[in-house]
Amino acid sequence: MIKVFGSINTEDYISYVPEGGETCDQHCFEADYCILTVNNTSKCLELSHVARDNKFVIERGSSGSKVSFKVTLPDNNCPAFTDLNYTLTLSCGEVLSWKQTEFGWEWKQCRDGWKRFDRSDGVTVCMRTFREDIPYATAEANCKEIGAVLTGVASEEECQWIHEELVKCNPTNEYFCFWIDGRRQCPDCDKWTWMDGYTKGDGALNRTTNFYESFGGEDCLSLAWLPSLKPKTINDASCGAVANGYVCGYNLEVSN
């Protein structure tokens with residue numbers, strides 16, 4: 001755990017009264033749910049990773065209250081402050097991240113059940129797949145209803161994760177797909193536009209390794225199970241067709 005002088009801008013604490021000679025740091029370190037503790041005289045004020053909508057900032061100070069927060073240290077050693085990777089590996093294997101800011105550290109995670117991707121352009125995207133036989137426009141509307149958008153993909157890593165979720169549905173047809181964001185810019189041209197507001201570039205649209213494009217009025221994108229075209233995962237499709245699911249996403253940095 002890292003201990004600093006600082007303050008927290010949240011009231012969502014869990015109160016805990018230490019027993020015997022126990023300290024707040026000891027209890028938080030041993031409690032799987034605890035990610036942070038503030039020693040408030042007679043009791044500990046703890047914050048939990050379980051409530052994923054719990055967003056707060058540790059504002060670093062030079063005196064006053066002390067805040068202790070969990071990170072996973074390399075080889076159980078304590079590196080220099082500037083060399084720290086501010087991530088926390090939970091007992092289940094999931095890796096969560098603290099974001100270092102100019103004035104401290106921010107805790108902001110994806111909603112429970114959503115997959116986090118930290119993109120190379122600095123954007124953090126949260127994604128989730130949904131199984132439902134619907135056309136493209138309905139998929140867009142469904143994502144909007146839950147405060148997200150039909151998401152684009154920025155890398156083959158993201159495509160592979162969606163493909164793994166798709167395969168869990170045990171596809172039996174030769175063609176089985178989930179809608180993702182992406183519109184063809186002009187009839188039968190090979191240029192695509194991301195409409196989600198946060199996806200940039202065409203890193204996932206590599207026609208040699210990941211994208212099978214067939215044109216012919218197929219102006220929307222899907223993430224597809226293509227057993228005869230492995231390892232490709234993206235395929236263009238008619239926007240009026242019915243896909244077997246869809247992928248919603250949101251930019252974590254601008255979410256409420």
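In what follows, every heavy atom counts, from backbone to side chain, and hydrogens, waters and symmetry copies are set aside.
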Is any side-chain heavy atom of Cys220 less than 4.5 Å from a side-chain heavy atom of Arg183?
yes

Would you call the rings of Trp107 and Phe56 parallel, tilted or perpendicular, where under 30° means parallel and over 60° means perpendicular?
parallel

Taking atom CZ as the centre, does Phe29 end up with more than 12 heavy-atom neighbours from other residues, nucleotides or ligands that are less than 6.0 angstrom away?
no

Cys28/Cys34 sulfur gamma separation below 2.5 Å
yes

Let's go through Trp105 and Lys99 carefully: what are the C-alpha distance in whole Å and the side-chain angles of both, what is the deciding distance for side-chain contact (heavy atoms from CB on, under 4.5 Å) to 0.1 Å, and is it a yes or a no?
CA-CA 5 Å; Trp105 298 268; Lys99 180 180 179 180; over 6 Å; no

side-chain contact (heavy atoms from CB on, under 4.5 Å) between Ile162 and Thr129, worked out
CA-CA 7 Å; Ile162 297 171; Thr129 61; 4.2 Å; yes

Can I get a per-line list of side-chain donor-acceptor pairs under 3.5 Å for residues 136-154, giving both atom names and the distance, sequence neighbours left out?
from, atom 1, to, atom 2, distance (Å)
Asn142, ND2, Glu132, OE1, 3.3
Asn142, ND2, Tyr246, OH, 3.3
Thr151, OG1, Tyr198, OH, 2.7

Side-chain polar contacts of residues 210-218 - donor-acceptor pairs under 3.5 angstrom, sequence neighbours left out - could you list them?
from, atom 1, to, atom 2, distance (Å)
Asn210, OD1, Thr233, OG1, 2.7
Asn210, ND2, Ala204, O, 2.9
Glu213, OE1, Arg207, NE, 2.7
Glu213, OE1, Arg207, NH2, 3.1
Glu213, OE2, Arg184, NH1, 2.8
Glu213, OE2, Trp192, NE1, 3.0
Ser214, OG, Glu218, OE1, 2.5
Ser214, OG, Asp236, OD1, 3.0

Using atom types as modelled and distance alone, determine if a side-chain donor or acceptor of Asn244 lies under 3.5 Å from a backbone N or O of Phe176.
no

Please report the C-alpha distance between Glu22 and Tyr16 in whole Å, then the side-chain angles of each, then the deciding distance to 0.1 Å, and finally whether the side-chain contact (heavy atoms from CB on, under 4.5 Å) criterion is met.
CA-CA 11 Å; Glu22 185 182 34; Tyr16 175 78; 2.6 Å; yes

Within 45 degrees of the ring normal and closer than 6.0 Å to the centroid, is that where the cationic atom of Arg131 sits relative to Phe178?
no

Does the side chain of Tyr250 come within less than 4.5 Å of Val125's, by heavy atoms?
no

